[in-house]
Amino acid sequence: MRQKPVIYQIFTRLFGNRQTQNKPHGTLAENGCGKMADIDDNTLRRIRQLGVTHVWYTGIIRHATTTDYTAYGIPRQTPMVVKGKAGSPYAIADYYDVDPDLAVDVNRRMEEFEALVARTHAAGMKVVIDFVPNHVAREYRSVCKPDMESDLGEKDNKEMHFSTANNFYYCWGLPLDTSHLPQGEGAPYEECPARATGNDHFDNSPGASDWYETVKLNYGIDYCDAGGRSEHFSPIPDTWSKMTNILLFWAGKKVDAFRCDMAEMVPAAFWHWATDKVKYVAHQDVDFIGEVYDPSQYRNYIAAGFDYLYDKVGMYDCVRDVMCGNRWAADITRQWQVCDDILPHMLYFLENHDEQRIASDFFAADAKKGVPGMMVSAWLHSSPVMVYAGQELGEPGMEAEGFSGRDGRTTIFDYWCVDTIRRGYYDLRRLKKDERALRDAYAKILNLANEEDALREGAFYDLMYVNQQLAKRQFAFMRKYDKQVVVVVVNFSNEMVDCEVRLPRHLFEYWQMSETTLAATDLLTGRVGDMTLRAEHPIRLQLPALGGVAYKMVLE
């Protein structure tokens, strides 16, 4: 049986933190920090009960932080080039190390990660971690790399702006100008020659809005030659080998999949080379999930070995607008049609660490508005679907934690306790009635995505072209697997709706179905009744507010 991936993203540092008296910009000692050990067997069982198949542990690999771990042989970072007290998980400081914040015993942090992987597998789920290929922390220095591996930049010729033998890009002897950066506490940061900043900023003077805490890795593209941009992939650039070895290292820790940060900022040629090597050498099914925002590049990166790509600039943006009443529900049709030939590769989601929370004032201001959006995301196709921890509990993300500010997102830069998650997994007695109801709705939707053959991998038929009366706030489609048929109608409206749904004659011809009357069971409620399937004959349905129906029938 082919399983639809249902990915649950955990921001590991925040997830298990139960210290509720937090202060903005608080230190680890003041605000506490979740540990890998907090994600124990009971917690994993609750996650699995949501219908989750994969857990994405965000922030596992050691990154830059202001917390001092020099007593453990870990180099200290300069606060000026660290965002927030805890630091960004995407400013990697050692690709071969585990974030010490997450360990109960810092000296045994890798063993604690291996134990987390084993617990997750025992709970029936796969493990996803981040691979950050485009950039590293300004003060990257690996203390855990294999002895035979030279460090990134260790052998670079710093007098050359570009060389395929270099791991970084240099600014010809110019020092890094930090005058435009937040000065913060402690000593100033010095770097000479300056290296290019992670967001393709190639001069020596990044600004506060740049990824100034990171430096760009060199995969053999000269971005500043006389022609403007040129590729140099033969011989294989040194960075290709180093980064592939890092992937193999973590695959050796029994990681099942890599979520590849800003994958499109790294050439597709590298991914083709690396994914092929990892899947061959690792002797296991290792999946690659790419953060790619340019739809024109989707097929290039799938051809380069990616199993799944974010469908952000497309399905996410569309469903978000529909949930907020800014776009008609019928526009969802256009979004899947754009990716019709690669639909199984497109990852659907409504929240992640980069996006605003559904319940925030910056999005829908009501977590219940996410329910119809999740029905579409989880059931529309065989595409994988992702949920961000706390989404299923209505986490609003409206706190000003520190560096992150009050922006409708859950911080990735600060030490903090997300009280909704704390109650949802560690103090269930304090969960509110509406939070329980929302969690139960998510569990029903996500479990059905794999329990029902038709919703997991069945054929798809969009009914909107013959149901323009639904176009504004409802969306209708069908799924079919063997003799199982499911009619799904989703209601984005705040009000209950009585509606009619027509089935076109072409549907019966295309699926070779006979017109008939069958017993139909609503998979969401268990309600049973007869449903007549006849060409051009309307099905009359009552749709709950911010919900929908999924009527299953078995053809004779």
Side-chain angles (χ1 to χ4, degrees), residues 318-333 350 358-361 363-380 387 391-394 396 432-449 452 454-455 461-479 485-503 517-534 536-553:
C318 177
V319 175
R320 173 175 175 145
D321 280 349
V322 174
M323 289 162 56
C324 295
N326 298 326
R327 203 186 299 196
W328 284 25
D331 286 352
I332 294 170
T333 297
L350 296 177
I358 295 167
S360 76
D361 295 349
F363 192 158
D366 182 354
K368 294 189 294 295
K369 290 185 177 181
V371 173
M374 279 310 303
M375 291 178 183
V376 169
S377 299
W379 298 345
L380 190 64
V387 174
Q391 177 183 342
E392 77 281 15
L393 300 166
K432 301 172 185 175
K433 183 179 179 180
D434 60 340
E435 292 169 339
R436 291 179 184 275
L438 186 67
R439 181 195 60 191
D440 291 347
Y442 270 77
K444 175 65 76 172
I445 293 166
L446 296 176
N447 275 288
L448 285 172
E452 292 296 329
L455 297 179
Y461 197 98
D462 193 321
L463 295 172
M464 294 305 291
Y465 77 100
V466 291
N467 288 284
Q468 290 303 305
Q469 77 281 3
L470 304 177
K472 190 171 184 180
R473 301 301 290 155
Q474 288 80 44
F475 191 79
F477 59 95
M478 292 179 67
R479 303 291 303 276
V485 175
V486 181
V487 177
V488 178
V489 188
V490 174
N491 181 22
F492 288 92
S493 171
N494 289 315
E495 299 177 352
M496 183 180 69
V497 172
D498 291 311
C499 68
E500 294 184 346
V501 179
R502 290 175 56 213
L503 304 183
T517 298
L518 299 169
T521 303
D522 184 0
L523 296 171
L524 291 166
T525 64
R527 186 182 301 115
V528 180
D530 289 339
M531 182 173 289
T532 298
L533 302 181
R534 188 177 304 158
E536 310 304 331
H537 178 83
I539 301 170
R540 292 180 174 82
L541 298 172
Q542 186 176 78
L543 308 179
L546 298 175
V549 295
Y551 279 103
K552 177 183 177 180
M553 290 156 280

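For the atom pair His537 NE2 and Arg502 CZ, the distance stands at 12.0 Å (nearest 0.5 Å). Rounded to the nearest 0.5 angstrom, Met374 CE and Ile358 CD1 are separated by 8.0 Å. Between the CZ atom in Phe492 and the CG atom in Asn494 there is a gap of 12.0 Å [rounded to 0.5 Å]. Atom CD1 of Ile445 is separated from atom CG of Asp440 by 11.0 Å, given to the nearest 0.5 angstrom. A distance of 10.0 Å separates CE in Met323 from CZ in Arg473, rounded to the nearest 0.5 Å. Once rounded to the nearest 0.5 Å, the distance linking CZ of Phe475 with CG of Asp462 reads 4.0 Å.
Within the 4.5 Å cutoff, side-chain heavy atoms of Trp379 are placed close to those of Leu448. In this structure, Leu503 and Met478 have side chains that are in contact, with non-hydrogen atoms separated by less than 4.5 Å. Contact check for Leu541 versus Val497: no side-chain heavy atoms found under the 4.5 Å cut-off. Residues Ile332 and Leu380 form a side-chain contact, since some pair of their non-hydrogen atoms from C-beta on lies under 4.5 Å apart.
The nearest pair of heavy atoms linking Pro396 to Ala359 is CA-CB, 3.9 Å. Heavy atoms only, all atoms of each residue included: Ala449 and Ala378 are closest at CB-O, 3.9 Å. Closest heavy-atom contact between Leu438 and Gln391: CD2-O, 3.8 Å. Between Ala476 and Met464, the closest heavy-atom pair is N-SD, 3.2 Å. The minimum heavy-atom distance linking Gln469 with Val466 is given by the pair OE1-O, 4.3 Å. Between Val322 and Trp328 the shortest heavy-atom distance is CG2-O, 3.5 Å.
The neighbour count for Arg527 CZ, taken as heavy atoms of other residues, nucleotides or ligands under 6.0 Å away, does not exceed 12. For Glu536, the CD atom is densely surrounded, since the number of other residues' heavy atoms within 6.0 Å is greater than 12.
A donor-acceptor pair is defined here as one N or O able to donate and one able to accept, closer than 3.5 Å; no such pair exists between the side chain of Asp321 and the backbone of Asn326. Remark: the backbone N or O of Leu455 is paired with a side-chain donor or acceptor of Arg479 at under 3.5 angstrom.
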Exercise answer: donor-acceptor pairs, residues 517-524 side-chain atoms, under 3.5 Å, sequence neighbours excluded:
residue, atom, partner, partner atom, Å
Thr517, OG1, Thr532, OG1, 3.0
Asp522, OD1, Leu524, N, 3.1
Asp522, OD1, Ala550, N, 3.1
Asp522, OD2, Thr525, OG1, 3.2

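Ion pairing between a basic and an acidic side chain is recognised when a charged N comes within 4.0 Å of a carboxylate O; Asp366 and Lys368 show such pairing.
Checked options Ile539, Leu463, Val501; the residue passing with Val489 is Val501 (criterion: side-chain contact (heavy atoms from CB on, under 4.5 Å)).
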